[in-house]
Amino acid sequence: MTTLRQRPVPTRGRGANPRSQPPPPPMQQVYNIIPVHDLIADHPSLRYPEVRAVASALLRPVLNLPKPPFVTLAPNMDLMDWLGVSFGFQNDNVRNQRENLVLHLANSQMRLQPPPANPDEVDRGVLQSFRKKLLHNYTSWCSFLRVKPHVHLPSRRGNSYNPTRELLYVSLYLLIWGEAANLRFCPELLSYIYHHMAMELTKFLDQHIDDFTGRPFVPSISGDCAFLKSIVMPFYRTIKTEVENSRDGTAPHSAWRNYDDINEYFWSRRCFKTLKWPINYGCNFFDTAPKTERVGKTGFVEQRSFWNVFRSFDRLWILLILFLQASIIVAWTGKKFPWDALKERDVQVDLLTVFITWAGLRFWQSVLDAGTQYSLVSKERVWLGIRMVLKSMAALTWIVVFAVFYQRIWSQKNADRGWSSEANRRIVTFLEAVFVYLIPEMLSILFFVIPWVRNWIEGLDWMVVSWLTWWFHTRTFVGRGLREGLVDNIRYTLFWIVVLLWKFSFSYFLQIKPLVGPTKVLLNLPNISYNWHQFFGNSNRVAVMLLWTPVVLIYFVDLQIWYLVFSSFVGATNGLFSHLGEIRNMEQLRLRFQFFASAMQFNLMPEDQLLSPKATLVKKFRDAIHRLKLRYGLGQPYKKIESSQVEATRFALIWNEVIITLREEDLISDGEVELMELPPNCWNIRVIRWPCFLLCNEFLLALSQAKELADAPDFWLWVKICKNEYGRCAVIEAYDSIKHVLLTLIRYGTEEYNIVLTLFKKIDFCVQNGQLTASYKMAVLQKIHGKLVSLIDLLVKQKNDLSQTVNLLQALYELCVREFPKMQKPTYELMEEGLAPKNVAADEGLLFENAINIPDAEDADFYKQLRRLQTILTSKDSMHNVPLNLEARRRIAFFSNSLFMNMPHAPNVEKMMAFSVLTPYYDEDVLYKKGMLQDENEDGISTLFYLQKIYEDEWRNFIERMRREGMDDDEDDIWREKLRDLRLWASYRGQTLSRTVRGMMYYYRALKMLSFLDSASEMDIRMGTQEIATHHSLNNRNRDAIKLPAAKKFNRAVSGVSLLFKGHEYGFALMKFTYVVTCQLYGRQKAKGESHAEEILFLMKNNEALRVAYVDEVELGRNEVEYYSVLVKYDQQLQREVEIYRIRLPGPLKLGEGKPENQNHAIIFTRAVYLVSWTFMIVAVGIYVVIAYAQDKFAAKKHIYYRVVQLVVIVLTVLVIVLLLEFTPFKFTDLVTSLLAFIPTGWGLISIAQVLRPFLQSTVVWDTVVSLARLYDLLFGLIVIAPVALVSWLPGFQAMQTRILFNEAFSRGLQISRIISGKKSTA
């Protein structure tokens, strides 16, 4: 039942109705992306001169344009408005396409290189390029039909350029396309409409005098919704009528016209004669004509026939049949190798029969073409029928010619009793005829080798070309000039040459040649009598046929197997050369991570300036060398990155944004975030601070190396530590961090502070001069490390135990000053050097007692860095299980691999092309409701419980995040305090739309971040990292205490890099990325108050770039309904949903065309020589029936009986095999052969059983068929997976994505098995 909807009173734009009372304050007009109507608005996108230039050109006054009839031109009308009132377009269609055009041209002008001289004007080249691209299909269509386009632009004179006329032609096409509704599936129909409307626009602009009225020309279509009612609706009703005739796709394809058939009608000039302009609605194209007189299909007719197997793959069938014939001829000679047989003249002449067969197959192909496409022949296409007849006659002629010439060869040979010169001359004559026959094939090969020639010829619309190609194919508008390049053709050819050589070699030596001997024996057996001699006679020809049938069937099928095998190898090879999956585990990530910043700078960061076209090859070569260095860590690009470099800081911002995203999705825990993030530079640390999971046990390893090389020079120790970049950075970071912690812990200005500072200065001096091992005992480092760890542990626990802290500091002092130096010094020397207090009382145990200043617990950043130091000092394991979540690992591996793949350099966001994403949605659940999560199924398993077990680690991370955000420790509180978060967590894992929207919004988020990095200065990046760190520290303490700057109100949840945005990032992202979800029933759901509408609104509210398009149905009474396509968004300032556009449709959106189902082709093949296969088949089925019967009857309660039956069957089977081996010629290889024969025979029985399913399904036989089919599923799966599994274990192939996905699926399967086998907790 359609919901009653009333058309809203327009309150925006030029459609507002005047009021008698004083109007309220004007409301800002709703816009989609850019407020084109208000160029002085405070919107980020309007800051760019390109946007203002295009909008200004489009918004120029139209008073100098011809005045449409019965319309008063308002002063504020622009070019789009003028077209709308002149041709009857809807107002919202005009608004929509105005913004569309502005975005297109502005983005194109942003990409212009070099930038235009005057950025405040539309560049002529940008507008011309966009017009050519937009109207390319129209101009190609005009060239195809040999008609002149009706786009007339003024000639170029001087430097003055007026874009008005060009903008009008472009805008007209956009307006037609924007209101065409279902006609957009017929692009050439739109070209026909545009062709005539552009003609009217030209005459209207030029004030052409109408031949009929004698007055200035005016458009034939005008008024409210005139274009929709006069143009779109008649074609729409015709399509709807045709779809209704399809009977939901059950009618034959030839009985009705679909979108393609309607569109193909406009591939011929007869559309001008039939439809005319203004459109003749009474012609036989529309549904107003009787069905018998209506235009039928004009391009292609799909006839559902078994012969489509041959007709669709005729070249492959011809190749296989001809090779089979040639192989039998060559193998019949009995030679060991085929090239030995080819030396005989008789064999050479016998092989000429393949051309007779070829001509026969050509004749059969022409018959199939005529039989399937005969319905296309009509009075208007009589030449198509003539071509069908001529092709059949030509094929028959070649059959006769080849047969006569072939017979003459053997007649001459028999007459001369040998291969005389005359017989050889007749062979040459036959070959000359073959050469003429092969001329079209040789031309096809030539064009294949030189693809650009064929593309050029196919792109020509000359009449001569049409005549020359008429014999070979029907002239079509699409698919011309789309041949691949020369290199791709060579690779494609080499691939198929290898596949066919392998297949034909296998077929000849292992299929065809082994059957020749048995065939000769069978044919030469005398005095054979059959019981059914009426059918078989006295020959073995039927036996020979039964012998060859399964082999021939397998011969025709096994090419697919060889194709799968070789395509797997080729795909794996391409993956290796493309470096897919090189980083497949955390160990390899650890090895490559130090090169990520350079790789990202090379791939993702934009180039400063583009090189000239002449240097393209040099640039590509230089890029290849640089990429090789990046990939393997060679050369200058891989110099060590220090923390002071902006390159490392840029990478840290992007990497941390990835880690933040993983945490937001609960894929990693808070602890894993600290282990994986790249913290900003602080505490005066001199090296880049690698993630903790990469440093792992590097510090302890360096400590043990220092103990081993205690007496070695500093250089040796440092070289050994620096063999690993992470070890070097771990040592330096730990030293700098300890220094900062101690100087922070001890109050500044005290004597103790000066002592500690002096101690570090002495150590630094020794390190700089290479005297560390000479001056200090490396063995004492272990004790110092132990005390430091105890001190850090005490500080991390925040117990504020001053006495214990003093004790640890005093112990460290004694170790560092008394034991650590190799040269022991008395107290007075230490006092002179500043390493001992000058106050004697301090030396009596009061050191550090009054000098400690433990940082406040509110200093979250200090304690976060302290935890990192604790991890570096104490980590002993390799941390290969970080992160623990498989999905997080997959994403990190994918991101890491992308940095080293062959990809073009990324441009600035300003220079990138804009793109849009459209997601269809009908009526599925958007978010899980509370009841859906709690309700249990018949097994007592609720949806939430299932998700908790499948995503067990993610659930723990989610609970951790909820507790951090204020939830109590009791998980039951989540139903009261965090229900919305719980529903989102479950929906992101179980509902498609929610997960898709979140994933698509990552594009928007990434564009904003890259836009910031493109324009950020060195200072912005340096200071920004500190601001982010401070924000996260405050965020952990009090999430609600942060007030966002006014310039950053566009973003809902400010975190990470978004804290640093200046405002222009939002404008760039909105201009470059558009995401629309087509919620077809959203209007009906809103009217009924359904939860779906509320949940979709929630998605819009939380994703500012999201737009929702839906179909609104408005009842007008008298069973009249108007349909509108509506676009809405959530206005963050108004805090409500707002309607952007409302465009009327010609009728229901869904016509219900339906698609014909693909047919299943079952090929029955059997393979056997040497009734043995059928015997084996019967025995195998009999054994299965006995086992299955025993299992059903005894397996449950009388298990011992079931085992006895199994034992008897096995013993009898072995006994029969032994008897056959002992007393008959039966060999063990016969058993293997019979087993192989079981495969095609069983498949044939399954195929037959499928046909007889209605009769067998109710019998006990059907269970046997199902079990046998399952066995074949396993067998085929083994055949397909076995090569992949073998390849995946070879060195270098383990990184294939198939292996990764298989492991993930297996892990998920284990999780599911745990749920099934486990019991739900009753707690």
Side-chain angles (χ1 to χ4, degrees), residues 309-327 330 337-339 342 351 354-355 357-359 361-362 365 431 434-460 465 468-469 471-473 476 478-512 554-580 617 620 624 902 1280 1283-1284 1287 1293 1296:
V309 177
F310 179 85
R311 184 174 177 271
S312 301
F313 306 98
D314 57 300
R315 292 185 179 181
L316 180 61
W317 283 107
I318 290 174
L319 176 65
L320 293 176
I321 291 173
L322 296 184
F323 181 81
L324 177 63
Q325 179 181 349
S327 299
V330 173
F337 298 105
W339 45 86
L342 291 176
L351 288 175
V354 299
F355 296 101
T357 306
W358 193 350
L361 293 174
R362 281 282 180 85
Q365 180 185 0
L431 293 177
V434 169
F435 176 79
V436 176
Y437 180 77
L438 292 179
I439 287 178
E441 301 297 331
M442 291 187 291
L443 287 176
S444 178
I445 294 175
L446 178 64
F447 290 146
F448 181 82
V449 174
I450 314 177
W452 52 84
V453 176
R454 183 168 183 175
N455 288 336
W456 177 72
I457 293 176
E458 290 180 350
L460 294 176
V465 176
L468 293 176
T469 58
W471 175 261
F472 300 100
H473 57 79
T476 59
V478 298
R480 301 178 300 156
L482 299 179
R483 310 297 168 184
E484 297 289 345
L486 179 62
V487 177
D488 293 323
N489 282 348
I490 293 176
R491 294 170 59 188
Y492 178 81
T493 303
L494 290 177
F495 171 79
W496 277 108
I497 287 176
V498 173
V499 173
L500 291 176
L501 282 177
W502 194 274
K503 182 262 185 302
F504 288 150
S505 300
F506 177 85
S507 298
Y508 178 81
F509 289 104
L510 298 179
Q511 289 180 319
I512 297 173
I554 294 175
Y555 167 82
F556 284 133
V557 173
D558 62 356
L559 178 61
Q560 183 178 4
I561 299 176
W562 296 117
Y563 168 77
L564 291 174
V565 172
F566 279 94
S567 62
S568 299
F569 280 102
V570 172
T573 304
N574 286 335
L576 285 178
F577 282 102
S578 299
H579 303 276
L580 298 178
L617 294 178
K620 289 183 177 180
N902 299 326
V1280 174
V1284 179
V1287 169
F1293 285 83
M1296 294 173 59

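Starting from 1, each residue takes its place in the sequence as its number.
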Check against side chain to side chain contact (heavy atoms under 4.5 Å, CB included), I321 and W358 | CA-CA 9 Å; I321 291 173; W358 193 350; over 6 Å; no

Pairwise distance CD1(I318) to CZ(R362) - rounded to 0.5 angstrom = 6.0 Å

Assign the ring pair F566 / W562 to parallel, tilted or perpendicular, where the plane angle (0 to 90°) is split at 30° and 60°.
-> tilted

So do L361 and D314 actually touch side chain to side chain, heavy atoms under 4.5 Å?
-> no

Should V565 and F569 count as side-chain neighbours, where that means a heavy-atom distance under 4.5 Å?
-> yes

Do V330 and I512 have side chains that get closer than 4.5 Å, going by heavy atoms?
-> no

Taking atom CD of E441 as the centre, report whether more than 12 heavy atoms of other residues, nucleotides or ligands fall under 6.0 Å from it.
-> yes

Greater than 12 external heavy atoms within 6.0 Å of W502's CH2 | no

Listed by chain and number, what are the salt bridge (charged side-chain N to carboxylate O under 4.0 Å, His left out) partners of D558, not counting sequence neighbours?
-> K503

Listed once per pair and sorted, the salt bridge (Lys or Arg N to Asp or Glu O under 4.0 Å) pairs that draw on residues 562-577, sequence neighbours left out | none

Closest non-hydrogen atom pair between Y555 and L320, with its separation = OH-O, 2.7 Å

Would you please classify the geometry between the F495 ring and the Y563 ring as parallel, tilted or perpendicular, with 30° and 60° separating the classes?
-> perpendicular

Say you draw a straight line from CG of L494 to CG of N489; how long is it, rounded to the nearest 0.5 Å?
-> 10.5 Å

Provide the closest heavy-atom pair for Q325 versus V354 in the form atom of the first, atom of the second, distance.
-> NE2-N, 3.6 Å

The side-chain contact (heavy atoms from CB on, under 4.5 Å) partners of L319 (sequence neighbours excluded) come to L500, F504

Flag if over 12 foreign heavy atoms under 6.0 Å of CZ, F509 | yes

Side chain to side chain contact (heavy atoms under 4.5 Å, CB included) between L559 and V499, worked out | CA-CA 8 Å; L559 178 61; V499 173; 4.0 Å; yes

Roughly how far, to the nearest 0.5 Å, is the CZ atom of R491 from the CG atom of N574?
-> 6.0 Å

So, do F355 and L322 sit near enough that their side-chain heavy atoms are less than 4.5 Å apart?
-> no

